[in-house]
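Okay, structure first, notes after.
Basis for what follows: all heavy atoms, side chains included, without hydrogens, waters or symmetry-related copies. Numbers restart at 1 for each chain; the letters A, B, ... are given by sequence-line order, proteins then strands.
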2 protein chains.
Amino acid sequence: MSNPIVDFLSKYIDLTQEETDIVTNQDMMRSYKKGTILLSEGKIAKECFFILQGCVMSYYLVDGEFKVTEFFTESQPITPVSYTTKKPSEYFLECMEDCIISLGTPERSAELMSKLPRLAAMGASIMEDQLANQRMKYDEFIKLSPEDRYQNLQKTSPDLLNRVPQYLIASYLGIKPETLSRIRKRLYS
Amino acid sequence: MSNPIVDFLSKYIDLTQEETDIVTNQDMMRSYKKGTILLSEGKIAKECFFILQGCVMSYYLVDGEFKVTEFFTESQPITPVSYTTKKPSEYFLECMEDCIISLGTPERSAELMSKLPRLAAMGASIMEDQLANQRMKYDEFIKLSPEDRYQNLQKTSPDLLNRVPQYLIASYLGIKPETLSRIRKRLYS
DNA sequence: CCTGTTCATTGACTTGAGTCAATAAATTCA
DNA sequence: TGAATTTATTGACTCAAGTCAATGAACAGG
């Protein structure tokens, strides 16, 4: 029986059966209802996440206004900045759908590392990957107009457009819902 | 005699004298004239960098137009996406001043890792740190207006404003030089 | 199935950034 | 130093995104 976390790790190194078992066993998962806040502004994240099922959104609340920065879906890890820095989070994490999520803690990750030393080296690769992704996201934001960003999103994550209400997509693209509505009209009519 | 790279690594773990010596010895540095291109679009990065002295800028060339994404200065590491992915770079790296830079290669870094296993674990922390920084940069870009971004830059890196011409700062902020000029006028007059 | 709420669209108007073009200031270097 | 080049400022105009407000569509809960 396959485990999404094992699949994820397999992108970086091949796990032995024993290692697979260790990962599978130590795995702790929970389910959350749509609307559940996984992390609030001002709180210190005690856990990191790996999404098995569902969709999670990160956003800031600036002058009472949502500023969406990311949507996470199946097989994506979420390492809150606050989890790394141990300082209060500046943003929220909220479940956009009913979710099944695997939780990580510093303790359990240390335990896992001691059992699987090979994982330690892999940690850098995973982080490197995520860093490269984050950079590309930033660069894309700088390079493209809102309209181009929307078309890009359609290409790269067409599913998102159906899973998430448009006014949140708009925020994610850095524009107002009315503007997104007009962009769509401009493009398809 | 202190070594900036040793100082940098010391933020993550304390190095023994022996370890310090290894890092210091294996260190390979070069100097570059202002205007030198360290990495071109289309080329695969064979090296990563650590800036000992000077300033390096990364930028895309989109329809013949500069899109500045980052300025790197003293004691900052630069790991080009292309260095990680082994694919052609989409952006340029250029020296904005005469620079002294330490070079890293996969081979020499592997060698270093084998001599200093403790460094491997640290790799993940360094990457984690950089990831957190990159996220905050992105989030700030989403949250703030061009005007606020300029004021923020003044606070966090006042030196940059003197080291780099304004039209490149403008590009970095995601606006045109004329607009930055007007923002400055709005703010200080 | 109806009702209230949330989400999406549209219109009229404002505003801030972009564009084009000219000029001024600052730098470079022969 | 002085001429050439690069960088910064300013003005007049355009245009895309924001704002405010109203209407319509989709959806959830009783």
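Projected onto DNA chain C by closest heavy-atom contact, B:T179 and B:K34 fall at different nucleotides, the more 5' of which corresponds to B:T179.
Of the residues in residues 157-168 of chain B, those placing a heavy atom less than 4.0 Å from an atom of DNA chain D are B:P165, B:Q166, B:Y167, in numerical order.
No side-chain N or O of A:T16 forms a donor-acceptor pair with one of A:E18 less than 3.5 Å apart. Defined by atom type and a distance below 3.5 Å, a donor-acceptor pair is missing between the side-chain atoms of B:R135 and A:Y138. With 3.5 Å as the limit, one finds no donor-acceptor pair spanning the side chains of B:E147 and B:S145.
Separating the CD atom of B:E178 from the P atom of C:dG16 is a distance of 17 Å, rounded to the nearest angstrom. Here the C1' atom of nucleotide C:dT15 and the CZ atom of B:R186 are 10 Å apart, to the nearest Å. The nearest whole Å value for the distance from the NZ atom in B:K185 to the C1' atom in C:dA25 is 15 Å. The distance from atom CD1 of B:I183 to atom C1' of C:dG18 is 12 Å, rounded to the nearest whole Å.
Cation-pi geometry between B:R149 and B:F141 is satisfied (NZ or CZ under 6.0 Å from the ring centre, within 45° of the ring normal).
For C:dT19, the OP1/OP2 oxygens have a side-chain nitrogen or oxygen of B:K176 closer than 4.0 Å. A:S181 has a side-chain polar atom (N or O) that falls below the 4.0 Å cut-off from OP1 or OP2 of C:dT9. For C:dT19, neither phosphate oxygen OP1 nor OP2 lies less than 4.0 angstrom from any side-chain nitrogen or oxygen of B:R182.
Counting 5' to 3', DNA chain D first comes under 4.0 angstrom of a heavy atom of chain B and last does so at the ends given by D:dT7 to D:dA12.
Environment of NZ in A:K86: crowded, with over 12 heavy atoms of neighbouring residues, nucleotides or ligands closer than 6.0 Å.
A salt bridge between B:E94 and B:K33 is absent, with no side-chain N of the basic residue lying under 4.0 Å from a carboxylate O of the acidic one. Of the charged side-chain nitrogens involved, at least one lies within less than 4.0 Å of a carboxylate oxygen, so that B:R118 and B:E19 count as a salt-bridged pair.
The closest side-chain heavy-atom distance from B:F71 to B:V164 is below 4.5 Å.
Nucleic acid contact class of A:E147 (heavy atoms, under 4.0 Å, all strands): none.
Between A:Y60 and the choices A:F92, A:Y172, A:Y91, the ring-ring contact (aromatic ring centres under 6.0 Å, His included) rule is met once, by A:Y91.
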